[in-house]
Amino acid sequence: MTELTASVAPAAPVATALFDTVASPETAIAHFAARLAVEADVSDVAAALADGGSGFVLVDTRSDEAWAQGHVPGAVHLPRRRIAEEGSALVGPGTAVVVYCWGPGCNGATRAALEFARLGHPVKEMIGGFEYWVREGFAYETAEGFAQLAPDPLTNVGRAGLGGSPVAGAGGISCDC
């Protein structure tokens, strides 16, 4: 019987335009660490809210109409255009803020995060926005009450699976990346 042995060939230079310009590992570490300092995904926000949500204010920065159609339970509503004038009255000095807008195709939350930072708040943007909150199967609140959709099969469900309920804090969806 012949014994098989595994060997690892040295990495060959990548010959593709994709890597014509590439960051050094040090530059990549600085970049991705900086992103994690200012971004949170919907699963992280859902877990923080399930744990009591103390220490931060979740702000929906969309229009009045969008808020009425649905928003994250526990969020407060302050459209982006009003943050500079009203943000300090809504959120106490130095209180951390997490902002969200519609979804990844909208930079309204990025603009809102910038406004709260200018007001002196530590701030994170909930990447994916309200769209991914709903797509991952978390409950949301509308003008008519609470609603919840089945999770989109294209979103990432963690190793824990659905746990029988996609509601945050009830064994629900977790990115678990």
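The structure presented is a predicted model; accordingly, all values stated were derived computationally and were not measured.
- D64 and P79 get closest at one heavy-atom pair: OD1-CG, 4.1 Å.
- Here the shortest heavy-atom pairing between G129 and Y100 reads CA-CB, 4.2 Å.
- P122 and T95 get closest at one heavy-atom pair: CD-O, 3.8 Å.
- For residues 141-150, the set of pairs meeting the salt bridge (charged side-chain N to carboxylate O under 4.0 Å, His left out) definition, not counting sequence neighbours, is empty.
- Minimum heavy-atom separation, I127 to D41: CG1-CA, 3.8 Å.
- Grouping the Ile, Leu, Val, Met, Phe, Trp and Tyr side chains by contacts below 4.5 angstrom, directly or via other members, places F56 apart from V76.
- Remark: F116 pairs with H121 by the ring-ring contact (aromatic ring centres under 6.0 Å, His included) rule, at least two apart or across chains.
- The two residues C106 and C101 come nearest to each other via the heavy atoms SG-SG, 3.2 Å.
- The shortest side-chain heavy-atom distance between W133 and P73 falls under the 4.5 Å cut-off.
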Run the side chain to side chain contact (heavy atoms under 4.5 Å, CB included) check on L49 and V72 step by step: do they pass? CA-CA 10 Å; L49 289 172; V72 176; 3.9 Å; yes

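- Annotation for L36: hydrophobic cluster partners, listed by chain and number, are none (ILVMFWY side-chain heavy atoms under 4.5 Å, direct or chained).
- The minimum heavy-atom distance between L119 and A84, with the atom names listed, is CD2-O, 4.1 Å.
- Residues near F146 contribute nothing to a hydrophobic cluster around it, because no ILVMFWY side-chain heavy atom sits closer than 4.5 Å to its side chain.
- Annotation: salt bridge (Lys or Arg N to Asp or Glu O under 4.0 Å) contacts of R62 (sequence neighbours excluded): D60.
- V42 and V134 fall within a single hydrophobic cluster, where Ile, Leu, Val, Met, Phe, Trp and Tyr are joined by side-chain heavy atoms under 4.5 Å apart, directly or via other members.
- Counting only residues at least two apart or on different chains, no side-chain hydrogen bond (donor to acceptor under 3.5 Å, both in side chains) pair has a member in residues 45-54.
- Proximity of a side-chain donor or acceptor of E125 to a complementary backbone N or O of V38 within less than 3.5 Å is not detected.
- In the hydrophobic clustering of this structure, V97 does not group with L58; members are Ile, Leu, Val, Met, Phe, Trp, Tyr whose side-chain heavy atoms approach within less than 4.5 Å, directly or through other members.
- By the side chain to side chain contact (heavy atoms under 4.5 Å, CB included) test, A112 pairs with T61, R80, I83, V99, sequence neighbours left out.
- Listed by chain and residue number, H71, H77 satisfy the ring-ring contact (aromatic ring centres under 6.0 Å, His included) test with W67 (two or more places apart in sequence, or in another chain).
- Rounding to the nearest 0.5 angstrom, the gap separating the OG atom in S63 from the CH2 atom in W102 is 10.5 Å.
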For residues 27-35, which side-chain N or O atoms pair as donor and acceptor with protein atoms under 3.5 Å away, sequence neighbours left out?
from	atom 1	to	atom 2	distance (Å)
T27	OG1	S24	OG	3.0
R35	NE	E39	OE1	3.4
R35	NH2	E39	OE1	3.3

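- Judged as a salt bridge (Lys or Arg N to Asp or Glu O under 4.0 Å), and not counting sequence neighbours, the contacts of R118 are E115.
- Residues passing the ring-ring contact (aromatic ring centres under 6.0 Å, His included) test with Y140 are F130, sequence neighbours excluded.
- Hydrophobic clustering places V57 together with L78 (ILVMFWY residues linked when any side-chain heavy atoms are closer than 4.5 Å, directly or through intermediates).
- In this structure, the salt bridge (Lys or Arg N to Asp or Glu O under 4.0 Å) partners of E86, at least two apart in sequence or on a different chain, are R82.
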